[in-house]
Every structure is written in structure tokens, then in C-alpha cells.
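To find a chain, count down the sequence lines: A is the first, B the second, and so on, and within it residues start at 1.
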Amino acid sequence: MTDVVLAATDLVHHLGQGAGRVQALKGVSLALKGGELVLLMGPSGSGKTTLLSILGCLMTPDAGTVHVGGHAVAGLDSEALAKLRRERIGFIFQSYHLFPTLNAEDNVRLALDVRGERARTAKAAAREVLGTVGLGHKRKSLPRALSGGEQQRVAIARAIVGKTQVILADEPTGALDTANGQAIMTLLADIAKDPSRAVLVVTHDPRILPFASRVVHIEDGRIVREEAVTESMKKVSNA
Amino acid sequence: MSLQFRLASRNLFHDRLRFIATIIGIIFSIVLVTVQMGLYVGFRRMVTTMIDHAPAQLWIMPVGTKCFEDPSLLDERQRFRALAVPGVAEATPLVIGYAQWRLPQGTTTPVFVVGSELRGLGLHPWNVVEGRLDDLSVPGAVAIDQTYFERLGITGVEQTAELRDRKVQVMAVSKGIRSFTTTPYVFTDVERARSYTGTPASKASYLLVRLAPEADLWKVQQGLRDSLGNVEVLTASEFRNRSRSFWLFGTGAGAALFAGALLGVIVGTVIVAQTLYSSTKDHINEFATLRAIGSSSRYIYTVIIWQALLSAIVGFAGAAGIGKIVAAATAESALPVIMTPMLTVALFLLTVTMCVGSAVAAIVKVMRIDPAMVFSR
Ligand SMILES: Nc1ncnc2c1ncn2[C@@H]1O[C@H](COP(=O)(O)OP(=O)(O)OP(=O)(O)O)[C@@H](O)[C@H]1O
Ligand SMILES: [Mg+2]
């Protein structure tokens with residue numbers, strides 16, 4: 001039996017002010033178990049990014065609860081939320097968000113440095129993880145010297161180097177071609193093979209269906225459908 | 001090297017133009033402060049030169065004397081009362097005052113006459129490089145400083161001029177006795193000083209007092225006050241303080257120097273705050289990412305403060321270099337800019353405080369970051 005590593009119940013959230021105020025989430029419940037790679041799919045404006053921000057403790061919902069690794073998030077101040085993020089959650093963004101002035105190794109090391117880990121251990125870990133994502137030979141390169149796919153692999157290395165229980169990714173393949181997208185998803189699927197870790201990927205891209213264990217569909221701030229990914233579905237999308 | 005330091009230095013050097021602007025701003029501001037404060041230190045020293053070189057432990061002077069150059073007079077008969085006070089070994093008159101010096105060519109220029117007893121307790125020229133002090137006893141003999149040769153129409157010893165229509169002869173020449181008022185000093189004996197300055201025979205500007213060995217300074221001072229009445233009796237250091245406070249604060253010169261320094265600090269703070277703020281704004285995406293991946297606010301402030309400190313160090317190095325040059329260039333002037341080690345340390349601390357203080361605006365900006373913005377950019 002695997003544990004629930006991230007759970008949200010009855011999330012309601014509004015964005016914007018005055019006339020522009022919209023209810024982005026209208027009562028969303030979702031749980032991620034260790035060993036799962038879950039895809040969150042839905043049309044533009046359906047609330048995917050909003051949900052991801054709340055699950056990642058970057059935003060506090062107007063109503064509803066979030067538990068990360070069994071800990072309730074409600075009532076934590078911004079410093080406590082930051083601590084929770086650095087210890088339990090890894091993030092991957094569509095536009096990578098690497099530090100342009102730091103080389104690949106330092107970019108990865110940053111995730112451990114913010115935890116106050118010793119430089120020597122952090123460097124060794126960063127090198128190892130860069131090897132895992134196939135960039136061992138480019139650890140001294142600055143982001144601008146790397147291709148999009150390579151930059152996203154550095155970003156993945158940064159997200160996984162801390163061995164957090166939860167990895168949240170917003171359109172990680174959105175800016176990549178098919179081959180690079182497949183490579184990225186393979187890496188994420190490998191992480192999700194660890195029964196203590198879960199990966200949630202927001203995507204529009206049906207090509208990455210084969211990597212998922214489950215797909216959650218969101219529309220207009222509500223979860224409308226959930227399905228386990230079967231072998232037949234994988235074959236269809238691979239064809 | 002810590003990653004925070006690396007991030008800070010990369011943020012700084014990434015935009016070279018802005019970095020150079022920041023450094024020039026800091027240098028400009030700190031050089032301004034350095035010059036003002038160096039002048040202050042120089043002025044402080046210059047205004048007490050005469051008191052520093054007089055061998056008196058106590059000064060007797062008319063009530064209300066503001067500084068050494070204050071030409072009020074007291075009765076010389078006080079001298080005998082002073083000598084009667086226990087603990088007083090010597091009490092000698094000193095006569096000061098302005099006079100007109102007539103150059104051999106016939107033009108005149110004002111000078112400041114300092115007359116004291118040639119033998120014993122007196123304020124004599126120091127650093128004599130030509131002629132001899134002993135020769136000042138010759139009738140009409142005076143001592144002047146090399147610095148003022150041209151102004152006084154003199155090129156060496158034994159040359160003559162006129163003071164208040166009396167013929168004088170330069171018998172000794174000193175080096176480096178400069179006056180911050182730029183009026184040349186002319187040293188001579190008491191009697192001649194009286195005649196050059198028009199001081200009545202029974203009057204003097206000061207009485208210089210030397211104590212008997214083992215006499216207690218404070219007791220003698222009190223004894224003189226009690227028996228002389230209607231005069232002021234100051235220790236050398238009290239007189240120095242009084243002269244300084246008159247010249248530096250009574251005249252507003254000190255206030256002007258401090259106001260200039262304050263202006264420098266304000267200009268520097270504004271420039272550094274502005275460039276740090278705009279640098280932080282340019283790197284806001286990175287700071288938001290840092291926050292999103294869970295860095296504490298302290299971690300982020302440390303990056304910004306490193307940027308401020310690095311700017312401070314580079315800026316101070318530049319400013320200190322220029323300060324040294326200014327100090328060297330003015331060393332021989334009437335009012336030198338003096339850089340003491342204390343002043344240098346104080347200026348460094350001021351630079352650091354200024355730069356770190358300037359980081360406040362950038363830190364406030366970073367505090368307002370919404371880390372959720374990382375998903376929408
Ligand atoms: N800052 C904001 N102010 C007001 N409304 C907002 C704001 N951000 C998002 N919204 C609205 O909230 C809703 C949910 O937005 P969200 O970004 O979560 O959608 P999404 O599913 O991620 O869309 P996309 O696929 O385009 O990224 C949308 O209707 C959007 O227009
Ligand atoms: Mg989105």
C-alpha cells in the first residue's frame with residue numbers, strides 16, 4: 001500500500017479583483033499517492049495553474065485544505081510555507097526559470113543551498129543528478145549555451161536533487177519538440193517509479209499520455225473526469 | 001564561495017554599465033565626504049598650531065577670549081600676581097596683533113605679529129632653516145616663514161622691510177609655519193611686538209604660565225583664578241578646545257563642512273538605492289524563482305546585501321585612492337585635507353552603512369514578490 005503524499009479537499013479560489021474577479025477553482029479535491037505520475041489536463045483557463053500553485057503552497061486557497069506529506073498547510077506563514085516547499089516539493093516550469101548567470105551545476109545546487117546544505121555535499125549531489133539527466137558533460141555550461149531540452153533537463157535536475165516527495169510540473173514539455181518532450185517525460189516517469197514520490201504534470205499534450213498512471217480532467221474550475229491510463233490507451237497515443 | 005555571494009556578484013557584474021554607474025556614484029559621494037571630513041581634520045589641527053607649539057601649561061587671558069588670534073588685552077601687572085601663586089614657576093607675556101608690512105617695493109600687506117620673551121618661556125618659531133633664533137635679539141629683528149617670502153617681498157635672511165613704519169630685518173626663516181587664515185606670521189620679541197601692533201607698554205595679550213615641578217595643574221589653575229580675578233585661566237587643552245569650537249562652530253565653517261559631507265551621503269544613498277532597486281527589479285524573476293523553490297527571505301536579503309557590500313568595497317577602494325591623492329596634493333597648502341587612519345576606518349564604515357541602508361528599497365521590493373508568478377511567466 002502506498003501513502004498519500006499530497007492531498008487537497010474542496011478547494012475554492014478566486015483570482016482578480018472587482019469586475020475581473022473570477023472563481024478559478026470551484027471545489028476541487030485531489031490526492032496524489034506515492035509512485036504515481038498524474039496528468040492534469042483541461043482547456044485553457046480551466047484552473048490548472050491555479051490548482052498547481054495551491055498544491056505547491058505558493059498560494060493559499062480561499063477555502064479548502066491542503067496536506068503535504070500528512071502535514072496541514074492551513075495557518076502557516078510565508079516563511080513556514082517556504083520551508084515546506086524547499087523540503088517537500090520540487091517545481092518544474094514551462095519556461096525553465098534557470099538563473100542565467102549561474103552554470104548548470106550551480107543552478108541545480110541552488111535547490112540544496114536554500115536548505116542550508118553544505119556546499120561540498122550539494123556539489124556532489126548536483127553532479128550526480130546532472131549525470132542522471134544526461135548532462136554530466138555540460139555541468140559548467142551557462143543556460144544560454146544549452147538547448148531548450150537541455151535547459152529543461154537542468155530544471156528537472158534542480159527539482160529532483162532534493163529528493164522531495166512531490167514534483168509539480170506546469171507544461172514541462174510545452175516549449176519542446178517531440179523527441180525532447182519524450183526524454184523529459186521518461187525522466188519524470190522514472191522518478192514516479194519510487195513508491196514514496198509522486199509527480200503531477202499539467203499538460204495539453206496528448207503525446208505524453210503513455211507516461212502517466214492516471215489522468216485528471218479539469219474544466220471551468222471543477223474536476224470533471226478521472227481515468228486510469230490503460231495499456232490500450234498507451235498504444236493508441238503511441239500510434 | 002557561497003552561492004549567495006556568487007549570485008550577488010553575477011547580478012552586479014552582469015550589467016556592467018549599471019555597475020560602473022553605481023561605483024562612480026559611490027566614489028563621487030565618498031570623495032566628497034572624504035574631502036569635507038579631511039578638511040575638518042586639517043582645520044582642527046591648523047587652528048591650534050600656535051597653542052600646540054607654546055610651551056605653556058596654563059594660559060592667562062582676558063575674559064571672553066575666543067581663540068588664539070583674538071586680540072583683546074590684559075594688564076601686564078597681573079604677571080606679578082601670577083608669579084606669587086604657589087606652583088607657578090614662570091609667567092611671561094605674549095603679545096599678538098595685526099600689523100601692516102611694507103615691502104621693499106613700497107606696497108603693504110597685513111601680517112600677524114607674535115611677540116614673546118626670547119629667553120625663557122615664549123612662543124618661538126620652530127623649524128628654523130635659515131638664520132638663528134638668538135639673532136632675534138638684534139634691534140628690528142623678526143622671523144618669518146619661507147612660505148610667505150614672495151608675499152613679504154623677501155628672498156632670505158638679513159633682508160629688510162618696514163612694520164608700522166619701523167625698519168625690520170629678517171634674521172631667521174622657518175619652514176612650514178603656515179596660517180590657515182593665510183595672513184603670514186611674524187615672530188619677534190615682546191617689546192617690538194608692542195610697537196609694531198600699537199599695544200600699550202603695560203598690556204599683553206596672554207600670560208604664558210609654566211608650573212613648578214610637581215605642582216598640581218588644577219590647583220594652580222584654581223589658585224590663579226582666585227588671586228587674579230577678572231581674567232580667564234585655561235589649560236592648554238581647554239584653550240585648544242575653545243579655539244576649535246570658535247573656528248569650527250562659532251564661524252559656521254565646521255557646520256558647512258558637515259553639511260557638505262551630509263550632502264555627499266545623501267547623493268550616494270540615492271544613487272546606490274536607485275541602482276540596487278533597478279537591478280533587483282531586473283532580476284525579479286530570479287528572486288521569485290528562489291522564493292518558489294523555498295528559499296527563506298533571509299537567503300534573498302543576503303544576496304541583495306552582498307550586492308550592496310560588494311559595491312561598497314569597490315566604491316570605497318576607489319574613493320580612498322582619490323582621497324589619498326587629494327591629501328597628498330593639499331599637504332603643503334594652508335588648509336590641508338588630512339586622512340587619518342581613524343578617518344579612513346570611519347569613512348569605510350560610512351560607505352558600508354550607506355550601501356546597506358540603500359538596500360532597503362530593493363528589499364522592500366523583493367518582500368512583495370508573489371512566488372506564484374513563476375507559473376505565469
Ligand atoms: N491574476 C489573475 N486575475 C484574474 N483572473 C485570473 C488571473 N490569473 C488567472 N485568472 C483567471 O483564472 C482562471 C484560471 O486560470 P489558470 O491560469 O489557472 O488557467 P489554466 O488552466 O492554467 O490555463 P492555461 O491552460 O491557459 O494555462 C482563468 O479564467 C483565468 O483567466
Ligand atoms: Mg496555466
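R45(B) CZ: 12 or fewer foreign heavy atoms inside a 6.0 Å radius. Within 6.0 Å of NZ in K83(A) there are 12 or fewer heavy atoms belonging to other residues, nucleotides or ligands. No more than 12 heavy atoms of other residues, nucleotides or ligands lie within 6.0 Å of CD in E219(A), so this atom counts as exposed by the packing criterion. The local environment of CZ in F246(B) is crowded, with over 12 non-hydrogen atoms from other residues, nucleotides or ligands closer than 6.0 Å.
The most heavy-atom pairs under 4.5 Å with chain B, out of P100(A), G90(A), A111(A), come from P100(A). Heavy-atom pairs under 4.5 Å with chain B peak, among S78(A), A82(A), G56(A), G116(A), at A82(A). Looking only at heavy-atom pairs under 4.5 Å with chain B, the residue among T164(A), T49(A), V202(A), L110(A) that has the most is L110(A). In terms of heavy-atom pairs under 4.5 Å with chain A, the best-connected choice from R291(B), R298(B), H14(B) is R291(B). When each of D106(A), D170(A), D113(A) is scored by its heavy-atom pairs under 4.5 Å with chain B, the top score falls to D113(A).
Residue V374(B) comes nearest to F93(A) through the heavy atom pair CG2-CE2, 3.5 Å, listed as atom of the first residue, atom of the second, then distance. Considering every non-hydrogen atom in both V114(A) and S295(B), the closest pair reads CG1-CB, 3.4 Å. Across all non-hydrogen atoms, the minimal contact from D370(B) to L58(A) is OD1-O, 4.2 Å. Between G294(B) and R86(A), the shortest heavy-atom contact is O-NH1, 2.6 Å. Summarising the geometry of F99(A) relative to L7(B), their closest heavy-atom pair is CD2-CD2, 3.6 Å, with the distance given to 0.1 Å.
Between the CG atom in L102(A) and the CD atom in E286(B) there is a gap of 8.0 Å [rounded to 0.5 Å]. Atoms CZ and NE2, from F375(B) and H97(A) in turn, are 8.5 Å apart once rounded to the nearest 0.5 Å. Between the CG atom in L142(A) and the CZ atom in R10(B) there is a gap of 7.0 Å [rounded to 0.5 Å]. Residue T289(B) holds its OG1 atom at 6.0 Å from CZ of R158(A), rounded to the nearest 0.5 Å.
With a 4.5 Å cut-off on non-hydrogen atoms, R115(A) does not touch chain B at all. Heavy atoms closer than 4.5 Å to chain B are found nowhere in T50(A), neither backbone nor side chain. Both the backbone and the side chain of E79(A) come within contact range of chain B, judged by heavy atoms closer than 4.5 Å. At a 4.5 Å heavy-atom cutoff, the contact between L290(B) and chain A is made by backbone and side-chain atoms alike. At a 4.5 Å heavy-atom cutoff, the contact between I92(A) and chain B is made by backbone atoms alone.
The residues E105(A) and R6(B) are annotated as not salt-bridged, no charged nitrogen and carboxylate oxygen being separated by less than 4.0 angstrom.
Between the side chain of R85(A) and the backbone N or O of I293(B) there is no donor-acceptor pair closer than 3.5 Å.
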